[in-house]
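Single-structure report; data block below.
To find a chain, count down the sequence lines: A is the first, B the second, and so on, and within it residues start at 1.
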2 protein chains.
Amino acid sequence: MFKQFRDIGIKLTPQRMVIANLLTNNSTHPSAEDIYHAALEQIPGMSFATVYNTLEIFKEKGAIRELNIDPERKRYDPDTSNHHHLICVKCGKIIDVFDGVDVNVVNDTISEFKIAEVHVEFYGVCNSCEKKNNKE
Amino acid sequence: MFKQFRDIGIKLTPQRMVIANLLTNNSTHPSAEDIYHAALEQIPGMSFATVYNTLEIFKEKGAIRELNIDPERKRYDPDTSNHHHLICVKCGKIIDVFDGVDVNVVNDTISEFKIAEVHVEFYGVCNSCEKKNNKE
DNA sequence: ATTTATGCAAACAATTTGCACCTTT
DNA sequence: AAAGGTGCAAATTGTTTGCATAAAT
């Protein structure tokens, strides 16, 4: 599982392995602070600088993606394939959407661009928040 | 032109009028700092706190929208209608896209949400950056 | 030995807040 | 005089950086 990290030129130290582990198969889109706290439990003495350095390297090498969804802090997504997000405006939950979304474009301004990626965010209220709301 | 601001319950002081003016008919998606500097030229002594307070009020009342496109700072958009953005990854330019974009959804997870808004960002390279690139 | 990563603390940048003063009702 | 807005400075939050130590090649 760490093979893919080494393959793209990331030297895996114990700290980085812990961070890589925390990111992989994690769909919560954690912030640097989330990762720092979780990592601290596995490596006492783990530093914030290391978390930030590691996230920077992972991002540079294309192992993870930085999300701009949360205006207060950067969040990280271990899935670098093009996918979209569903955001609950009540509880802040962010859910991945991999398929069933089709963006059709017929627009001259856009045609003049060399588009590399298309990100779609769906803002709304999730099921559990909706239920909570109805009970009040 | 200030009428619409008053109509939604915003008391218009001189400072707020300057800020409202800087925002309206401005498609550059300025940051709080951009606005502060521009406002300072019209009202010497204008404070940062006032800019932030004003942006907060405008946002609360629905006169402007806060954008999460730039990971380093919040940006503000005077257009609160649902539209999309074209972002040049080279020069950072952000261009509004009002039509010709159609998002089709066939996805159960999304169906369970009460969707309020859909934002699409197109990341790519704009024409002028593309030309610059070719000359090098 | 040289390069590279870590951890600490200090520095930074964007934003927010507390509070005294000044307006406007 | 009561309410709300402004400006200043200090505080907070998220992130980055400089540097000495430690680890890996």
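A salt bridge links K74(A) with E72(B): the closest approach of a Lys/Arg side-chain nitrogen to an acidic carboxylate oxygen falls below 4.0 angstrom.
Close to dC8(C), at under 4.0 Å from its OP1 or OP2, lies no side-chain N or O of S47(A). A close approach under 4.0 Å does occur between a side-chain nitrogen or oxygen of Y52(A) and OP1 or OP2 of dT15(D). Taking only side-chain nitrogens and oxygens, T13(A) never comes nearer than 4.0 Å to OP1 or OP2 of dA5(C). K74(A) has a side-chain polar atom (N or O) that falls below the 4.0 Å cut-off from OP1 or OP2 of dT16(D). Taking 4.0 angstrom as the limit, Q15(B) places a side-chain polar atom (N or O) nearer than this to OP1 or OP2 of dG7(D). Using a 4.0 Å cut-off, some side-chain N or O of R16(A) falls inside it from OP1 or OP2 of dA5(C).
Open room surrounds NZ on K114(A); 12 or fewer heavy atoms of other groups in view lie less than 6.0 Å from it. Enclosure of atom NZ in K90(A) is not indicated, since only 12 or fewer non-hydrogen atoms of other residues, nucleotides or ligands lie within 6.0 angstrom.
Closest-nucleotide positions on DNA chain C for E72(A) and K11(B) were compared, and the one nearer the 5' end corresponds to E72(A). Nearest-nucleotide positions on DNA chain D for T50(B) and F48(A) put T50(B) closer to the 5' end.
Going from atom OH of Y36(A) over to atom P of dT6(C) covers 14 Å, rounded to whole Å. As a whole-Å value, the separation of R73(B) CZ from dT16(C) P is 14 Å. To the nearest angstrom, C1' of dG14(D) lies 16 Å from CG of L67(A). Atom CD1 in I10(A) sits about 12 Å away from atom P in dT6(C), given to the nearest Å. In this structure, L12(A) places its CG atom 16 Å from P of dT4(C), rounding to the nearest Å. To the nearest angstrom, C1' of dA3(D) lies 13 Å from CD1 of I57(B). Between the CG atom of L40(A) and the C1' atom of dG7(C) there is a distance of 12 Å, rounded to whole Å. At whole-Å resolution of the value, CE in M46(A) and P in dA5(C) are 14 Å apart.
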- Query: Do R65(B) and D77(B) pass the salt bridge (Lys or Arg N to Asp or Glu O under 4.0 Å) test, and can you show the C-alpha distance, the side-chain angles, and the key distance before you say yes or no?
  - Reply: CA-CA 5 Å; R65(B) 204 166 85 181; D77(B) 194 329; 5.0 Å; no
- Item | CA sep, side-chain torsions, deciding dist, call: L23(B), Y76(B), side chain to side chain contact (heavy atoms under 4.5 Å, CB included) | CA-CA 8 Å; L23(B) 283 163; Y76(B) 297 89; 4.1 Å; yes
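Below 30°, between 30° and 60°, or above 60°: for H83(A) and H85(A) the angle between ring planes is above 60°, a perpendicular geometry.
E33(A) comes within 4.0 angstrom of the backbone, heavy atoms only, and of no base.
Helix bend of the helix from dA1(C)-dT25(D) to dT25(C)-dA1(D): the angle between its two end axes, each built from five pairs, comes to 10° after rounding to 10°.
Between the side chain of D34(B) and the backbone N or O of S31(B), at least one donor-acceptor pair lies under 3.5 Å.
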